[in-house]
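Comments concern the structure below.
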Amino acid sequence: MEIQLWREILDPYELAVSELTTKFNHLIKEHKDRDMYSPIESVSGRVKSVSSILEKLQKKQIPFDQMEEQVEDIAGVRIICQFVEDIERVAELIQNRSDIIIKSEKDYIKHMKDSGYRSYHLIVYYTVETVQGPKKLQAEIQIRTMAMNFWATIEHSLQYKYKMNIPQHVADRLTRAADAIIALDNEMSSVRNEIMDAQNFSQIQMNLVTDILNNIENLYKLSNKREVVKIQDEFYRIYAMHDLQQLQRFHKQLDIIAEGYRAQSVKTENT
Ligand code: 0O2
């Protein structure tokens, strides 16, 4: 097999990984822009390396011409969530999309692997546009919590180091660590509402501050500079109070002032 051919085969998968990660990152942004809690914490993706594909072909006795059908994870996307409950929500978000078709799912959370591995896997169909036209390909989406990801990342590197022959004492430690991860996820779930409230509060505050500063900047262009400095000082005073309601009230007042200036400048332009 020539290197060029591999590049041609893998290129659409690169595109799929890039598009899917962009789309999931955009979902995070959409939630944040709407002051909503995002069930997705972060997203990453990769195209399986040639050596890893070859290894899988060999291990599973897959003929080369069936590679794209049978190796379902040439394109891989990993979605990290904060809480176990978010995983189901993310799976639903994916199920409801028209650009991603679910082929199969594996729930290694309800059915943990013997190794201790936990994660929710979706094998999906996704179509990319190439110079030769549309290409429907498969991708694996792994959805897991930050804690599950911590365990899987460490265990994966140990598997790599020991080439599947992890010494018993290390395997025992990993089993204990897997139990600790389950306990950690459960503990976090029990304070999920409090954590979400705190994160929502800081997201709402961040969006408000951005809006207020944009408004102040626009006012600075349109109105009396001394008045804008006064408004800015008032903003700093209210910000220091750490009171979201006061900040929201100030935001509304500022909107009304800005609207007044905008109307005034339109009137001036028309006269
Ligand atoms: P990589 O390096 O991530 O690409 P299998 O039959 O077990 O060889 P299959 O049928 O493709 O694999 O699916 P499975 O078991 O659902 O595994 C798919 C992927 O899940 C793996 O891809 C890993 O990324 C991850 N995974 C599965 N089991 C484990 C585990 O015990 N530990 C860790 N850390 N990850 C796991 P690859 O191709 O094995 O590896």
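Counting starts at 1 for both ligands and their atoms, following the listed order. Only heavy atoms go into these numbers, but all of them, side chains included; no hydrogens, no water, no symmetry mates.
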_Side chains of Glu234 and Tyr239: any donor to acceptor distance under 3.5 Å?_
no
Could you pull out all donor-acceptor pairs under 3.5 Å where a side-chain atom in residues 249-260 meets a protein atom, sequence neighbours excluded?
residue, atom, partner, partner atom, Å
His251, NE2, Asp211, OD2, 3.4
Asp255, OD1, Asn215, ND2, 2.9
Glu259, OE1, Arg262, NE, 3.4
Glu259, OE1, Arg262, NH2, 3.2

*Heavy-atom nearest neighbour in the protein, as seen from atom 38 (O) of ligand 1, with distance rounded to 0.1 Å*: Lys48 NZ, 2.6 Å
*ligand 1 and Arg78, any nitrogen or oxygen pair closer than 3.5 angstrom?*
no
_What protein heavy atom lies closest to atom 29 (C) of ligand 1? Include the residue and the distance to one decimal._
Tyr117 CG, 3.5 Å
_Please check this pair: side chain of Ser52 against backbone of Ser49, looking for a donor-acceptor N/O pair closer than 3.5 Å._
no
*Nearest to atom 39 (O) of ligand 1, what protein heavy atom do you find, and at what distance?*
Lys56 NZ, 4.8 Å
_Top protein contact for atom 31 (O) of ligand 1, by heavy-atom distance_ = Ser115 OG, 2.7 Å
*asked:* Looking only at side-chain N and O atoms, does Gln95 offer a donor or acceptor that is under 3.5 Å from a partner on Arg97?
replied: no
*Check: Arg46 N/O within less than 3.5 Å of ligand 1 N/O*: yes
*Look at Lys29 together with Asp33 and state whether they make a salt bridge at an N to O cut-off of under 4.0 Å.*
yes
*ligand 1 atoms in contact with Lys59 (distance to a heavy atom under 4.0 Å)*: 8 (O)
*Given side chains that start at C-beta, do those of Val191 and Glu187 come closer than 4.5 Å, heavy atoms only?*
no
*Gln199 and Gln82 side chains, donor-acceptor separation under 3.5 Å*: yes
*asked:* As a check for students: among Glu55, His156, Arg144, Lys106, identify the option with a heavy atom nearest to atom 1 (P) of ligand 1.
replied: His156
_So, 4.0 Å and heavy atoms of Glu140: is ligand 1 close enough to count as a contact?_
yes
_Heavy-atom nearest neighbour in the protein, as seen from atom 22 (O) of ligand 1, with distance rounded to 0.1 Å_ = Asp73 OD2, 3.7 Å
*Numbering as shown, the atoms of ligand 1 that approach Gln159 to under 4.0 Å (heavy-atom distance)*: 30 (C), 31 (O), 32 (N)
*Donor-acceptor pair, Asn224 side chain versus Glu227 backbone, under 3.5 Å?*
yes
*What's the shortest distance from atom 20 (O) of ligand 1 to any protein heavy atom, and which residue and atom give it?*
His121 CE1, 2.9 Å
_For Gln142, the ligand 1 atoms whose distance to one of its heavy atoms is below 4.0 Å_ = 19 (C), 20 (O), 23 (C), 24 (O), 25 (C)
*asked:* Side chains of Glu140 and Gln142 only: does a donor on one sit below 3.5 Å from an acceptor on the other?
replied: yes
*asked:* Give me the nearest non-hydrogen protein atom to atom 28 (N) of ligand 1 as residue plus atom name, then the distance to 0.1 Å.
replied: Lys113 NZ, 3.1 Å
*Kindly indicate whether atom 24 (O) of ligand 1 is approached by any protein heavy atom to under 4.0 angstrom.*
yes
*Centre of Tyr220's six-membered ring, under 6.0 Å away, within 45 degrees of the axis: is that where NZ or CZ of Lys225 sits?*
yes
_Looking only at distances, can you tell me whether any N or O atom of Lys60, backbone or side chain, sits closer than 3.5 Å to an N or O atom of ligand 1?_
yes
*Go through ligand 1 atom by atom and flag the ones less than 4.0 Å from a non-hydrogen atom of Tyr108.*
14 (P), 15 (O), 16 (O)
*Return yes if a side-chain donor-acceptor contact under 3.5 Å exists between Asn96 and Glu92, otherwise no.*
no
*asked:* Please list the nearest protein heavy atom to atom 33 (C) of ligand 1 with its residue and the distance rounded to 0.1 Å.
replied: Glu155 OE1, 3.2 Å
